[in-house]
Asks: 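I'd like to ask some things about the structure below.
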Protein chains: 2
Amino acid sequence: MQFDDKVPIYYQIKNQLYHEMITGELEPGDKLPAVRQLAVDMTVNVNTIQRALGEMITEGVIESQRGKGNFVTMDHERITQLKEALITEQLERVYQQLHALDLSDEDIIASLQNFIKQRGEQHV
Amino acid sequence: MQFDDKVPIYYQIKNQLYHEMITGELEPGDKLPAVRQLAVDMTVNVNTIQRALGEMITEGVIESQRGKGNFVTMDHERITQLKEALITEQLERVYQQLHALDLSDEDIIASLQNFIKQRGEQHV
DNA sequence: CATAGTGTTCTATTTGACTATTACACTATA
DNA sequence: TATAGTGTAATAGTCAAATAGAACACTATG
């Protein structure tokens with residue numbers, strides 16, 4: 001896995017796992033790979049995995065069972081909330097940033113539409 | 001100035017200065033505040049300012065004159081390129097992130113439009 | 001009950017970011 | 001030419017993130 005060296009790795013791991021939970025790659029009740037396996041997969045130290053999981057356990061999206069493994073919460077509602085929160089967070093950020101670059105609301109939408117359009121043309 | 005503790009401060013300072021150059025708060029040829037003044041304004045150490053400016057000097061957007069001060073490049077073209085690059089960077093990132101959250105191209109545009117609409121209603 | 005597979009905890013070490021402080025180099029000007 | 005205002009550089013110290021490695025606690029199972 002490749003990381004952005006401007007953001008803590010444990011933080012990026014959290015986001016990665018969030019994504020898997022939201023896209024359904026990981027479903028409620030699913031068992032996560034063992035921490036040592038995750039560490040290997042992500043070419044990262046076990047402690048770093050533990051740090052990411054620790055926060056997610058505190059947040060209630062993952063439940064840990066000593067000796068058994070780590071499991072995605074059965075609380076579907078929580079996953080839904082998580083997705084909404086992540087989306088809003090992203091939109092909020094890009095809005096703030098582009099607004100700071102002097103783009104109006106209309107400019108922002110137009111530039112995104114244009115970006116996606118061009119992207120579509122490139123990736124055919 | 002408030003910083004996001006997930007990203008290096010010197011990096012956020014660079015972005016702040018970029019923004020000022022792009023919005024016209026700082027124009028080509030303008031003299032920047034003295035490094036010690038910037039340090040006070042941003043409640044940050046001089047070395048941290050220096051680190052940010054150092055990179056911007058390397059990039060060619062700021063020119064330093066020992067004993068005189070730091071100045072925004074006279075190269076308008078460079079500023080324009082900078083703005084384009086920053087916008088694309090933001091769009092690229094939000095697109096990747098929302099795409100990873102299973103949103104289609106249409107979903108992404110719709111959610112942004114909806115976000116801006118709701119925001120407009122709130123901030124009246 | 002031994003063993004393998006889990007999560008958990010702890011200590012030690014390294015690295016990058018940031019701060020604090022001081023000194024140095026150059027420019028403008030009273 | 002002295003002084004104030006600038007950028008530049010160097011040293012030392014603190015802190016958080018990450019790594020490495022070991023040990024411990026619990027569960028399942030042959």
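Residue numbers start from 1 in every chain, and the chains themselves are labelled A, B, ... in the order their sequence lines are given, proteins ahead of strands.
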Asks: Among the nucleotides D:dG7, C:dA17, C:dT6, which one has an atom lying closest to any side-chain atom of B:Pro8?
Replies: C:dA17
Asks: Just to confirm, is there a sub-4.0 Å distance from OP1 or OP2 of D:dA17 to any side-chain nitrogen or oxygen of A:Thr48?
Replies: no
Asks: D:dG7, D:dT19, C:dT19: which one has an atom nearest the side-chain heavy atoms of B:Ala34?
Replies: D:dG7
Asks: Expressed as a whole number of angstroms, how long is the span from B:Asn45:CG to D:dT8:P?
Replies: 15 Å
Asks: Output yes when B:Arg78 and B:Glu59 qualify as a salt bridge under the 4.0 Å nitrogen-oxygen rule, no when they do not.
Replies: no
Asks: Do A:Met56 and A:Leu17 have side chains that get closer than 4.5 Å, going by heavy atoms?
Replies: yes
Asks: Both A:Val7 and B:Gly67 contact DNA chain D. Taking the nearest nucleotide for each, which residue is further toward the 5' end?
Replies: B:Gly67
Asks: Take atom CD1 of A:Ile49 and atom P of D:dG21, then tell me their distance rounded to the nearest Å.
Replies: 17 Å
Asks: Please classify the nucleic acid contact of B:Arg51 as base, sugar-phosphate, or nothing, using heavy-atom distances under 4.0 Å.
Replies: sugar-phosphate
Asks: With a 3.5 Å cut-off and no angle check, do the side chains of B:Ser104 and B:Asp107 form a donor-acceptor pair?
Replies: yes
Asks: Check every atom of D:dT8, D:dA18, D:dA23 against the side chain of A:Tyr10 and return the nucleotide holding the closest atom.
Replies: D:dA18
Asks: Taking atom P of D:dG5 as reference, at what distance in whole Å does atom CD of B:Gln65 sit?
Replies: 19 Å
Asks: Take the protein atom CG of A:Asp5 and the nucleotide atom P of D:dA18, then report the distance between them rounded to whole Å.
Replies: 11 Å
Asks: Roughly how many Å is it from CD in A:Gln50 to C1' in D:dG21, rounded to a whole number?
Replies: 15 Å
Asks: Any N or O donor-acceptor pair linking the side chain of A:Arg36 to the base of C:dG7 at under 3.5 Å?
Replies: yes
Asks: Can you tell me how far P of D:dA17 sits from CD1 of B:Ile9, to the nearest Å?
Replies: 13 Å
Asks: Counting only side-chain heavy atoms from C-beta out, which of C:dA25, C:dT27, D:dG21 sits nearest to A:Asn47?
Replies: D:dG21
Asks: Rounded to whole angstrom units, what separation is found between the CD1 atom of A:Ile57 and the C1' atom of C:dT9?
Replies: 13 Å
Asks: Between D:dT8 and B:Ser64, is there an OP1 or OP2 to side-chain N/O distance shorter than 4.0 Å?
Replies: yes
Asks: Are A:Ile13 and A:Val46 connected into the same hydrophobic cluster when the rule is that any two of I, L, V, M, F, W, Y join if their side-chain heavy atoms are below 4.5 Å apart?
Replies: yes
Asks: In whole angstrom, give the distance that lies between atom CG of B:Leu32 and atom P of D:dT6.
Replies: 12 Å
Asks: Would a distance-only check, ignoring hydrogens and angles, find a side-chain to backbone donor-acceptor pair under 3.5 Å from B:Gln50 to B:Val35?
Replies: no
Asks: Has B:Asn70 got a side-chain N or O lying under 4.0 Å from the OP1 or OP2 atom of D:dG7?
Replies: yes
Asks: Should A:Lys68 be listed as having a side-chain N or O under 4.0 Å from OP1 or OP2 of D:dC26?
Replies: no
